[in-house]
Every structure is written in structure tokens, then in C-alpha cells.
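To start, the structure under review is shown below, and the notes come after it.
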Amino acid sequence: MAWLVLFVAGLFEVGWAIGLKYTEGFTRLWPSVGTLAAMVVSFGLLSYALKFLPVGTAYAVWTGIGAVGTAALGIVLFGEAATLARILCILLIVAGIAGLKWLS
């Protein structure tokens, strides 16, 4: 269950990271409210998962999910470069997340 909570926390991290782009420096009200809410949920779920998982592993997985999700959505939503090298680097992060999960 802790791994599922951690995964959802990572998804909310993606949400607030992408949300930051839409806040335009926290000058837009509703994107700012949504981004701050996603931050609170993400940190809250991470905090809960840390009761059951090693901090180093959980934090690395949480940030990895956030990095992969944010990079992927940057490509899809904002037209960021989708070069082979960039995709390979994202896959390396996924491999690291999978390895940490597998070893824990």
C-alpha cells in the first residue's frame, strides 16, 4: 500500500511541477490554487509513505516519478524537444526507479 501511496504522491508532484508553468509566477489565481493544493497533497502522501518505506528509496522514487512525468508532459504539452538522447535519459531514470523498487 505504501508503494501505491508513493506513486500517487509522485503523480501529484508532476501536477504541481506542470502547474507552476501555468501559474505564470503565481500571478494567475486558479492555476496557483491548484498548484499549491497539488503540492500539499504530494507532500502529505510522501510523508505518509515514509512511515513504511526507507527515506532514501522513497524520496528518490518520488522525485524520479516527478522528473519522468514532468519531462514527458513537457514534450506533450509544451512542445519540448523529444530527441533520442533525451528519451534515453528519461528511460535511465525509469530504470533507476524500477531498480530501487525491486531492491526494496
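Quick caveat: nothing in here was measured; it's all calculated off a predicted structure.
Val14 and Ile90 fall into different hydrophobic clusters, defined by Ile, Leu, Val, Met, Phe, Trp and Tyr side-chain heavy atoms under 4.5 Å apart, directly or through other members. Under the 4.5 Å side-chain heavy-atom criterion for ILVMFWY residues, no single connected hydrophobic cluster contains both Leu100 and Val5. Under the 4.5 Å side-chain heavy-atom criterion for ILVMFWY residues, a single connected hydrophobic cluster contains both Phe43 and Leu53. When the side chains of ILVMFWY residues are joined at heavy-atom separations under 4.5 Å, either directly or via intervening members, Ile87 and Ile97 end up in a single hydrophobic cluster. No path of Ile, Leu, Val, Met, Phe, Trp and Tyr side chains, each step under 4.5 Å between heavy atoms, connects Val8 with Tyr59, placing them in separate hydrophobic clusters.
Every residue two or more places apart in sequence or in another chain that forms a side-chain contact (heavy atoms from CB on, under 4.5 Å) with Ala38 is listed here: Phe12, Trp16.
The OG1 atom of Thr57 lies 6.0 Å from the CH2 atom of Trp3; values are rounded to the nearest 0.5 Å. Atoms CD and OG1, from Glu80 and Thr70 in turn, are 9.5 Å apart once rounded to the nearest 0.5 Å.
In terms of modelled atom types and a separation under 3.5 Å, the side chain of Ser104 and the main chain of Lys101 share no donor-acceptor contact.
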TODO: Could you give me the CA-CA distance, side-chain angles and deciding distance for Thr23 and Leu36, then say whether side-chain contact (heavy atoms from CB on, under 4.5 Å) is met?
DONE: CA-CA 10 Å; Thr23 68; Leu36 291 171; over 6 Å; no

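When all heavy atoms of Thr63 and Glu13 are compared, the closest pair comes out as CA-OE1, 3.6 Å. The heavy-atom pair separating Ile18 from Gly74 by the smallest distance is CD1-N, 4.4 Å. Among all heavy-atom pairs drawn from Ala9 and Leu45, the shortest one is CB-CB, 3.5 Å. Considering all non-hydrogen atoms of both residues, Ile65 and Leu6 come closest at CD1-O, 4.3 Å.
The side-chain hydrogen bond (donor to acceptor under 3.5 Å, both in side chains) pairs that include a residue from residues 28-53 are Ser42-Trp62, where partners are two or more places apart or lie in different chains. Annotation: ring-ring contact (aromatic ring centres under 6.0 Å, His included) contacts involving residues 80-104, sequence neighbours excluded, are absent.
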